[in-house]
A.B. asks: 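Take a look at the following structure, please.
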2 protein chains.
Amino acid sequence: MAISMEMQALEVSKSCIVARLRKLNREVSAIYEDCFRPFGLTVAQFNLLISIGAHGEASPSRLAKVLSLEKSTVSRNIEKMHAHKWVEVIPQGDKRVHTLALSDIGEKLVEEVLPAWRIAQQKTEKTYGPLTDLLNKVTFV
Amino acid sequence: MAISMEMQALEVSKSCIVARLRKLNREVSAIYEDCFRPFGLTVAQFNLLISIGAHGEASPSRLAKVLSLEKSTVSRNIEKMHAHKWVEVIPQGDKRVHTLALSDIGEKLVEEVLPAWRIAQQKTEKTYGPLTDLLNKVTFV
DNA sequence: GCAATTTTGTTGTATATACACTTATTTTAT
DNA sequence: ATAAAATAAGTGTATATACAACAAAATTGC
């Protein structure tokens with residue numbers, strides 16, 4: 001005889017990787033969103049700022065690749081950041097391409113927000129333990 | 001003297017928990033979305049179906065709590081699932097509340113999609129190793 | 001050298017999500 | 001018993017995200 005739907009669903013819900021990962025993602029993202037909110041900055045924007053900062057200069061497609069984002073997502077998020085004048089657009093020889101770099105304002109914003117980021121990091125590790133080990137397989141740049 | 005922005009950003013990008021977690025979340029979610037797409041089912045919908053199934057019957061606010069979702073998010077996602085007739089709405093004595101249960105169609109859908117889910121689980125573990133340990137702290141129900 | 005393919009970025013559209021606010025109902029305190 | 005507080009669900013609005021389709025430019029193969 002088949003197991004009952006309820007038992008089966010319970011088993012699935014306990015072992016489902018994507019369900020747990022997404023829940024963890026929502027909870028952890030909320031911690032960082034709260035810390036960044038006073039700066040008018042979102043987590044997605046922070047991640048892009050840092051990635052651009054780490055590259056010095058990077059094209060949207062490069063950012064999409066290293067962050068596993070759709071190019072259209074990068075496009076639209078950068079749009080807002082450009083409107084805030086946090087990033088500069090640098091034309092290239094290849095006329096399809098342009099690169100992005102932090103503006104002075106963008107660099108200042110990063111410096112300003114880093115203490116809040118450190119608090120979020122601490123809060124997260126305190127709540128969830130060392131996620132870092134698990135996440136070490138997720139590389140950037 | 002201050003470290004250069006580039007070095008600092010690189011350091012942050014390497015140690016930032018939320019950045020890595022979100023990237024992992026996007027990548028893993030994409031695996032499951034691909035597996036569920038042939039069934040016209042999204043990951044968010046699958047997670048709700050399974051959670052409802054595991055509860056037998058659950059209110060939106062209960063689902064929001066156990067999945068760490070905003071009630072408004074649950075509301076809107078359930079709306080579509082109800083339109084598909086995957087879930088039934090069960091009125092309660094407390095007139096503010098209602099509960100949700102899987103319909104026959106919903107149960108059939110879960111049964112149908114489980115093989116695809118197992119493939120996604122395997123694919124994910126093969127690519128990322130045993131995330132399960134890390135995610136064991138993320139509990140449901 | 002040029003047609004076919006690939007690459008880059010953008011736009012249209014849809015889902016997932018959160019926050020602030022609203023409405024209806026229930027519970028609580030006095 | 002009733003006014004005040006709390007709870008449940010839904011709406012308005014905004015961001016994050018993906019996929020499909022597009023246009024422009026570059027690369028490739030012959």
Side-chain angles (χ1 to χ4, degrees), chain A residues 18-19 21-38 40-49 51 58-65 67-84 87 89-100, chain B residues 18-19 21-38 40-49 51 58-65 67-84 87 89-100:
Chain A
V18 79
L21 182 56
R22 284 163 75 103
K23 181 180 173 180
L24 180 64
N25 182 57
R26 288 189 293 268
E27 291 175 356
V28 171
S29 286
I31 293 173
Y32 287 77
E33 294 286 6
D34 287 348
C35 286
F36 292 157
R37 191 168 299 118
L41 187 68
T42 66
V43 174
Q45 290 168 349
F46 175 79
N47 290 162
L48 278 167
L49 278 181
S51 191
S59 69
S61 67
R62 171 81 179 143
L63 295 172
K65 222 161 271 166
L67 297 172
S68 299
L69 283 166
E70 253 301 301
K71 50 193 161 59
S72 57
T73 301
V74 174
S75 202
R76 280 178 239 250
N77 287 351
I78 291 290
E79 196 175 28
K80 287 170 210 130
M81 294 163 66
H82 188 236
H84 284 298
V87 295
V89 176
I90 303 164
Q92 299 292 310
D94 183 335
K95 282 168 194 162
R96 292 169 304 178
V97 185
H98 60 254
T99 57
L100 303 159
Chain B
V18 80
L21 182 56
R22 284 163 76 103
K23 180 180 174 180
L24 180 64
N25 182 57
R26 287 189 293 268
E27 291 176 354
V28 171
S29 286
I31 294 173
Y32 288 77
E33 295 286 6
D34 287 348
C35 287
F36 292 156
R37 191 168 297 119
L41 187 68
T42 66
V43 174
Q45 290 168 349
F46 174 80
N47 289 163
L48 279 167
L49 278 182
S51 191
S59 69
S61 66
R62 171 79 179 146
L63 295 172
K65 222 162 272 166
L67 297 171
S68 299
L69 283 166
E70 253 300 299
K71 53 193 159 54
S72 58
T73 301
V74 174
S75 203
R76 279 178 240 248
N77 286 352
I78 291 290
E79 197 175 28
K80 287 171 211 130
M81 296 164 66
H82 187 237
H84 284 298
V87 296
V89 176
I90 303 164
Q92 299 292 309
D94 184 336
K95 282 169 196 162
R96 292 169 304 180
V97 185
H98 60 255
T99 57
L100 303 160

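Labels below follow one simple rule: chain letters A, B, ... track the order of the sequence lines, proteins then strands, and each chain is numbered from 1. Quantities reported herein were computed from a predicted structural model and do not represent experimental measurements.
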A.B. asks: Could you tell me which residues satisfy salt bridge (Lys or Arg N to Asp or Glu O under 4.0 Å) with R76(B), sequence neighbours excluded, listed by chain and number?
C.D. replies: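 So R76(B) forms no salt bridge (Lys or Arg N to Asp or Glu O under 4.0 Å) with any residue.
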A.B. asks: If you look at every strand shown and take non-hydrogen atoms under 4.0 Å, does S68(A) touch a base, only sugar-phosphate, or nothing?
C.D. replies: sugar-phosphate
A.B. asks: Just verifying a value: how many Å separate L41(A) CG and L48(A) CG, rounded to the nearest 0.5 Å?
C.D. replies: 10.0 Å
A.B. asks: Mind checking side-chain contact (heavy atoms from CB on, under 4.5 Å) for R96(B) and listing every partner two or more places apart, or none if nothing turns up?
C.D. replies: D94(B)
A.B. asks: Could I get a table of every N or O pair under 3.5 Å where one atom is in the protein and the other is in nucleotides 3-8 of chain C?
C.D. replies:
{"from": "dT7(C)", "atom 1": "O2", "to": "R96(A)", "atom 2": "NH1", "distance (Å)": "2.6"}

A.B. asks: Once you round to the nearest 0.5 Å, how far does CZ of R62(A) lie from NZ of K65(A)?
C.D. replies: 8.0 Å
A.B. asks: Which of residues 72-83 of chain B sit near DNA chain D, with a heavy atom under 4.0 Å from it?
C.D. replies: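 Hits under 4.0 Å, by residue number: S72(B), S75(B), R76(B).
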A.B. asks: Check whether any side-chain heavy atom of N47(A) lies under 4.5 Å from a side-chain heavy atom of V18(B), and answer yes or no.
C.D. replies: yes
A.B. asks: If you measure from OH on Y32(B) to CZ on R22(A), what distance do you get to the nearest 0.5 Å?
C.D. replies: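 Y32(B) atom OH to R22(A) atom CZ measures 11.0 Å (nearest 0.5 Å).
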A.B. asks: State which residues pass side-chain contact (heavy atoms from CB on, under 4.5 Å) with S61(A); sequence neighbours excluded, sorted by chain then number.
C.D. replies: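 S61(A) satisfies side-chain contact (heavy atoms from CB on, under 4.5 Å) with S59(A) once adjacent residues are dropped.
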A.B. asks: Do any side-chain nitrogens or oxygens of R37(A) fall under 4.0 Å of OP1 or OP2 in dA18(C)?
C.D. replies: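 So the side chain of R37(A) is outside the cut-off, no N or O lying under 4.0 Å from OP1 or OP2 of dA18(C).
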A.B. asks: Specify the angle, to 10°, made by the local axes at the two ends of the helix from dG1(C)-dC30(D) to dT30(C)-dA1(D) when five pairs are taken at each end.
C.D. replies: 30°
A.B. asks: Who pairs with S75(B) by side-chain hydrogen bond (donor to acceptor under 3.5 Å, both in side chains), at least two apart in sequence or on another chain?
C.D. replies: none
A.B. asks: Which is the 5'-most and which the 3'-most nucleotide of DNA chain D that has an atom under 4.0 Å from a heavy atom of chain A?
C.D. replies: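 On DNA chain D, the outermost contacted nucleotides are dT15(D) to dA26(D).
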A.B. asks: Under the side-chain hydrogen bond (donor to acceptor under 3.5 Å, both in side chains) rule, collect the residues that match up with Q45(A), sequence neighbours excluded.
C.D. replies: T42(A)
A.B. asks: Does T42(A) or G93(A) map to a spot on DNA chain D nearer the 5' end, using the closest nucleotide for each?
C.D. replies: T42(A)
A.B. asks: Apply ring pair (Phe, Tyr, Trp, His ring centres under 6.0 Å) to H82(B) and list each qualifying residue two or more places apart in sequence or on a separate chain.
C.D. replies: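 Listed in chain order: nothing, the list is empty.
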A.B. asks: Could you measure the distance from the CG atom of L24(A) to the OG atom of S68(B)? Nearest 0.5 Å is fine.
C.D. replies: 9.5 Å
A.B. asks: List in chain and number order the residues that pass side-chain contact (heavy atoms from CB on, under 4.5 Å) with H98(A), two or more places apart in sequence or in another chain; answer none if no residue qualifies.
C.D. replies: P60(A), V89(A), L100(A)
A.B. asks: 5'-most contact on DNA chain D: E33(A) or T99(B), nearest heavy atom basis?
C.D. replies: T99(B)
A.B. asks: Suppose we screen for side-chain contact (heavy atoms from CB on, under 4.5 Å). Which residues come up paired with T73(A), at least two apart in sequence or across chains?
C.D. replies: L69(A), E70(A), N77(A)
